[in-house]
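Excluded from the calculations below are hydrogen atoms, water molecules and symmetry mates; all remaining heavy atoms, backbone and side chain alike, are included.
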Amino acid sequence: MPSTLRYRIGAEATLELVMGDITHESTDAIVNAANSSLLGGGGVDGAIHRAAGPGLLAECKKIREQRGPLPQGKAVTTAGGHLKARYVIHTVGPIWQGGHVNEPQILESCYCNCLEEAERSACASVSFPSVSTGAFGYPVIPAAQIALRTVVDILHRPKSVRLVRFVLFDQNSFTAYARAAEKLGRDFPHYQIALDSTSS
Ligand code: AR6
């Protein structure tokens, strides 16, 4: 399987699935799978804080003091510090508890609210990790389906975000997202998802 899959979404937007480390991304914004404290953690959160430098934690602390903990499903934007990305959009995914406490709806809100934050900062491109599928335990196959359906639906609307990249850290996640994209195209032909021949 190639390590970058590129899809045209309708006439104007692009979805990319790549294997890699999100801290190297040069999209306008990258998304952090944070926790409600906004004070950092392990996984992608730890990697982003390390790469962005201490200014990121300082800004997160300020937001935390002003607004309190960030609820699950919500998103907030900070500067990107030393990252190539201009902004970091922090969101808090649901903790998987068997699917009985609105985890799918909360996960969908994460992607919607992140893209709304990106719009507010006039971003043309955003990179997402696979929110909630690490420490928070959300099974990756249903999580990938929710992530892609939500993002593709929003990419169809006239918005400034024209490119969304999912930066997947391991082969298993990449395969789950690639299969979810295939399924989405099959189940919802009106989404006009076309695999680009420049995928590499
Ligand atoms: N680039 C891209 N993806 C990554 C990277 C990276 N550098 N590092 C890990 N991943 P997780 P969650 C993948 O646990 O499940 C933190 O402690 C990882 O392999 O980072 O939303 C926070 O502070 C997995 O596929 O996020 C929270 O407490 C995906 O990113 C909690 O974990 C998400 O894994 C959030 O848990």
Side-chain angles (χ1 to χ4, degrees), residues 5 15-25 27 29-52 56-57 60 63-64 67-78 83 85 87-118 126-155 161 164-184:
L5 290 170
L15 169 74
E16 291 179 352
L17 308 181
V18 302
M19 281 262 291
D21 180 338
I22 201 165
T23 62
H24 300 152
E25 286 293 302
T27 43
I30 66 169
V31 169
N32 182 19
N35 59 61
S36 290
S37 80
L38 288 177
L39 301 179
V44 72
D45 194 7
I48 288 174
H49 273 273
R50 279 192 299 278
L56 186 67
L57 182 59
C60 285
I63 292 171
R64 168 75 206 243
R67 306 192 206 171
L70 186 66
Q72 288 186 346
K74 300 288 185 199
V76 73
T77 305
T78 63
L83 294 165
Y87 302 106
V88 177
I89 301 170
H90 307 259
T91 191
V92 182
I95 299 170
W96 181 254
Q97 292 175 67
H100 310 298
V101 288
N102 287 337
E103 295 97 319
Q105 291 80 0
I106 297 167
L107 190 61
E108 186 179 322
S109 302
C110 288
Y111 288 101
C112 287
N113 286 323
C114 284
L115 287 174
E116 237 171 62
E117 285 289 306
V126 182
S127 297
F128 282 94
S130 179
V131 175
S132 277
T133 65
F136 280 179
Y138 206 121
V140 69
I141 292 172
Q145 287 167 356
I146 290 168
L148 294 187
R149 198 188 59 228
T150 307
V151 164
V152 166
D153 197 62
I154 293 171
L155 281 176
V161 176
V164 170
R165 282 164 67 81
F166 279 87
V167 182
L168 290 330
F169 208 47
D170 58 86
Q171 184 67 53
N172 186 45
S173 302
F174 183 79
T175 304
Y177 275 73
R179 292 200 175 134
E182 238 176 72
K183 180 169 161 46
L184 194 63

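- Side-chain contact between Ser130 and Phe174: absent, with no pair of heavy atoms (C-beta onward) separated by less than 4.5 Å.
- In this structure, NZ in Lys74 is found 10.5 Å from CD1 in Ile106, a value given to the nearest 0.5 Å.
- Counted within 6.0 Å of CD1 on Ile141, heavy atoms from surrounding residues, nucleotides or ligands total 12 or fewer; the atom is thus considered open.
- Using a 4.5 Å heavy-atom cutoff, the side chains of Val44 and Asn32 are in contact.
- In this structure, Leu17 CG and Ser173 OG are separated by 11.5 Å, a value rounded to the nearest 0.5 Å.
- For the pair Asp45 and His49, the minimum side-chain heavy-atom distance is below 4.5 Å.
- Side-chain contact between Thr78 and Cys60: present, with at least one pair of heavy atoms (C-beta onward) separated by less than 4.5 Å.
- Taking each heavy atom of His100 and Glu103 in turn, the nearest pair found is N-OE1, 3.1 Å.
- Asn35 contributes a side-chain N or O that, together with a main-chain N or O of Gly40, makes up a donor-acceptor pair within less than 3.5 Å.
- Tyr111 contributes no side-chain N or O that, together with a main-chain N or O of Arg149, makes up a donor-acceptor pair within less than 3.5 Å.
- Across every non-hydrogen atom of Ala29 and Ile89, the tightest pair is CB-CD1, 3.9 Å.
- Among all heavy-atom pairs drawn from Ile95 and Gln72, the shortest one is N-NE2, 3.7 Å.
- Looking at heavy atoms from C-beta onward, Val167 lies in side-chain contact with Val18 at the 4.5 angstrom threshold.
- Looking at Thr91 and Asn113, their side chains never come closer than 4.5 Å, going by heavy atoms from C-beta outward.
- Between Leu15 and Phe166 the shortest side-chain heavy-atom distance falls below 4.5 Å.
- By the salt bridge (charged side-chain N to carboxylate O under 4.0 Å, His left out) test, Glu25 pairs with Arg165, sequence neighbours left out.
- Evaluated for a side chain to side chain contact (heavy atoms under 4.5 Å, CB included) with Cys112, the options Asp153, Val151, Thr150 yield exactly one hit, Thr150.
- In this structure, Leu56 CG and Arg50 CZ are separated by 12.5 Å, a value rounded to the nearest 0.5 Å.
- To the nearest 0.5 Å, the span separating OH on Tyr177 from CG on Leu168 amounts to 6.0 Å.
- Considering NE2 of His24 and CG of Leu83, their distance stands at 9.5 Å, rounded to 0.5 Å.
- Using a 4.5 Å heavy-atom threshold, the side chains of Val31 and Pro129 count as touching.
- Remark: side-chain polar atoms of Ser36 are paired, donor with acceptor, to backbone N or O of Leu70 under 3.5 angstrom.
- Between Leu148 and Ala181 the shortest heavy-atom distance is CD1-N, 3.5 Å.
- In this structure, Ile63 CD1 and His90 NE2 are separated by 6.5 Å, a value rounded to the nearest 0.5 Å.
- Minimum heavy-atom separation, Ala118 to Val126: CB-CG2, 3.6 Å.
- Judged by distance alone, the side chains of Glu117 and Thr77 do bring a donor and an acceptor atom under 3.5 Å apart.
- Taking every heavy atom of both residues into account, Val131 and Cys110 meet most closely at CG1-SG, 4.4 Å.
- Trp96 and Tyr138 have tilted rings, their planes meeting at an angle from 30° to 60° on a 0 to 90° scale.
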